[in-house]
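These notes concern the structure reproduced below.
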Amino acid sequence: MADQAVSDGGPKTAPVVIKKYANRRLYNTATSAYVTLDHLSQMVKDKTDFVVYDAKTGDEITRSVLTQIIFEEESKGGQTLLPIPFLRQLISFYGDSLQGVVPQYLEMSMTQFARNQDQMRRYMQNAFGFNPFQQFESMGKQNMAMFENAMRMFNPFGTAPSSPPAAPPSAPANGHEPARPEAAAASNDAAIDDLKRKLDELQSQLSELGKKS
């Protein structure tokens, strides 16, 4: 297939260009044929890279089309991929101070999951009493531990959720004023920047591992 993405490590071909017209029809410029969301979904599964442009404005709308594919898949019934609690948590991060961190965390988690998918498939096909969900639980705990560490980095001076509320600070004995809220905010901003930097470094390391595997 001419527009098929090549394997990792080799030269990559340009992504297939899909144009979306006002009548919501999708046109594959590589095959000169109209396609559906189901076709695009299969292209994703086949690892065929593509980008989607609005035919009238020229704006790239790949993200919204991929989101629409997810919506269609989730609406088909049967087994879904996005649990309601996850969707609620995801929505709650919009507008939150951690919104810029969540995409990197989710991308790294899915990258690691994808690298282990062959091993997971073998676990699922094992008919000798092995419980594959133990492996999923272990990976989930690792991901949660990484996320909790990220939260502590973001708010290194925060108390544990189960701790009682702290008493109001008493007047300092040396007569100096306590740290102002502006200083605390600056400290949090620095912590967020440091967290983003470390996530970028971790993502680069994962990419290097992927190239070697």
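Atoms considered below: every heavy atom in the structure, side chains included; atoms not considered: hydrogens, waters and symmetry mates.
A donor and an acceptor atom, one from each side chain of T57 and D59, are located under 3.5 Å apart.
Put simply, the side chain of R24 reaches to within 4.5 Å of the side chain of Q68, judged on heavy atoms.
Under the 4.5 Å side-chain heavy-atom criterion for ILVMFWY residues, a single connected hydrophobic cluster contains both L98 and L106. Residue I18 is not grouped with residue Y21 when hydrophobic side chains (ILVMFWY) are merged at heavy-atom distances under 4.5 angstrom, including chains of intermediate members. Connection of I61 to V16 is established within a shared hydrophobic cluster, with ILVMFWY side chains joined at heavy-atom distances below 4.5 Å, either directly or through further cluster members. V102 and F86 fall within a single hydrophobic cluster, where Ile, Leu, Val, Met, Phe, Trp and Tyr are joined by side-chain heavy atoms under 4.5 Å apart, directly or via other members.
Once rounded to the nearest 0.5 Å, the distance linking CD1 of I69 with CD of E74 reads 13.0 Å. The CZ atom of R88 lies 8.0 Å from the CD1 atom of I91; values are rounded to the nearest 0.5 Å. To the nearest 0.5 angstrom, M110 atom CE is 6.5 Å from F113 atom CZ. Put simply, CG on L82 and CD on E73 are 11.0 Å apart, with the number rounded to the nearest 0.5 Å. Considering OG1 of T13 and CG of D49, their distance stands at 7.5 Å, rounded to 0.5 Å.
Of the possible polar contacts, none joining the T48 side chain to the V44 backbone as a donor-acceptor pair under 3.5 Å is found. Remark: the backbone N or O of A30 is paired with a side-chain donor or acceptor of N28 at under 3.5 angstrom.
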Tabulate below the donor-acceptor pairs under 3.5 Å that side-chain atoms of residues 33-40 make, not counting sequence neighbours, or state none.
from, atom 1, to, atom 2, distance (Å)
T36, OG1, D38, N, 3.3
T36, OG1, H39, N, 3.3
T36, OG1, H39, ND1, 3.1
D38, OD1, K76, NZ, 3.4
H39, ND1, T36, N, 3.0

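By the side chain to side chain contact (heavy atoms under 4.5 Å, CB included) test, V51 pairs with P15, V17, Y53, E60, T62, sequence neighbours left out.
Within 6.0 Å of NZ on K20 lie more than 12 heavy atoms contributed by other residues, nucleotides or ligands.
Between Q99 and G95, the shortest heavy-atom distance links the atoms OE1-N, 2.6 Å.
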